[in-house]
Amino acid sequence: MRLPKAASAFRDSLLQWATENVREYPWREQERSRYEVFVAEFFLTQTPADNVADVYPEFVDRYPSLEAIEEADEEDLVSVIDPLGFQRMRARALKSIARSVDDLPDTTGQLRELERVGPYVANATLCFADRSKLPILDRNVERVYSRVFGDRFPDSRSDREDFCTEMLPEDPADVRRYNLGLLDFGAIVCTKESPRFDDCFASEYCVYATSG
DNA sequence: CTCCTGTTGT
DNA sequence: ACAACAGGAG
């Protein structure tokens with residue numbers, strides 16, 4: 001796939017932006033295990049980060065491994081998650097996962113065989129926990145790339161995944177920071193309504209900013 | 001691809 | 001009560 005002309009400029013600027021602006025969350029600490037990252041991403045697919053942050057430390061403290069999940073009473077699991085608009089479905093799925101596997105696998109394909117685990121959770125887990133070079137494509141990312149690159153951002157899901165993969169920085173040491181930055185850029189600057197054009201490094205060439 | 005599910009905002 | 005949202009499932 002041929003990337004748009006502005007792609008490398010965007011990539012470089014985003015990496016720079018990420019070093020200064022990526023947010024700190026408990027699950028983003030360097031030493032988090034694959035399990036700890038997985039749990040966070042599993043909750044984050046359905047819940048605002050600040051809500052997850054409220055219950056996450058207690059959750060991983062009480063359930064530090066899949067084994068602990070497997071042994072836990074499902075109602076206790078729910079009680080930790082439940083406090084603020086949380087869901088029982090997630091507790092059930094985690095139990096099911098803990099029963100079906102001893103340790104979380106290290107490939108997206110194997111992760112996606114687990115209940116309620118799709119491309120987002122699988123790739124985010126392996127990228128953020130294991131530093132794998134994998135694309136992360138959620139609604140924020142789609143909005144950012146659609147705006148910045150306009151028609152050059154493909155329509156189909158698989159082409160979009162390819163696009164995201166090619167946007168990743170060459171240096172493996174930068175991939176995690178790039179993906180984190182992309183998510184936060186969508187959440188902080190390139191927001192759904194009232195994007196902060198004045199704070200955006202891409203407004204010179206962004207299709208959305210320049211055309212409307 | 002379309003449909004489903006649980007959640008959130010009006 | 002309703003539609004929109006955001007992932008995953010089929």
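Predicted model, so just to flag it, every value in this text is computed and none were measured. In what follows, every chain begins at residue 1, and chains take the letters A, B, ... in the order their sequences are listed.
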Rounding to a whole Å, what distance do you find between [X]:[atom1] and [N]:[atom2]?
| X | N | atom1 | atom2 | answer |
| --- | --- | --- | --- | --- |
| A/Glu193 | C/dA4 | CD | P | 14 Å |
| A/Asp155 | B/dC1 | CG | C1' | 13 Å |
| A/Arg157 | B/dC3 | CZ | P | 18 Å |

Mind listing the N/O atom pairs, protein and nucleotides 6-10 of chain C, below 3.5 Å?
| residue | atom | partner | partner atom | Å |
| --- | --- | --- | --- | --- |
| C/dG7 | OP2 | A/Arg139 | N | 3.3 |
| C/dG7 | N7 | A/Arg139 | NH1 | 2.9 |
| C/dG8 | OP1 | A/Gly118 | N | 3.0 |
| C/dG8 | OP1 | A/Val121 | N | 3.3 |
| C/dG8 | OP2 | A/Tyr120 | N | 3.3 |
| C/dA9 | OP1 | A/Arg116 | N | 2.5 |
| C/dA9 | OP2 | A/Val117 | O | 3.3 |

- By side chain to side chain donor-acceptor pair (under 3.5 Å), A/Arg62 pairs with (sequence neighbours left out) A/Glu58

- Task: Just jot down the side chain to side chain donor-acceptor pair (under 3.5 Å) partners of A/Thr191, sequence neighbours excluded, or say none.
- Result: none

- Using side-chain contact (heavy atoms from CB on, under 4.5 Å) as the criterion, list what pairs up with A/Ala187, not counting sequence neighbours. A/Arg23

- What pairs with A/Glu20 under side-chain contact (heavy atoms from CB on, under 4.5 Å), at least two apart in sequence or on another chain? A/Gln16

- Check salt bridge (charged side-chain N to carboxylate O under 4.0 Å, His left out) between A/Arg112 and all other residues, then give those that pass, not counting sequence neighbours. none

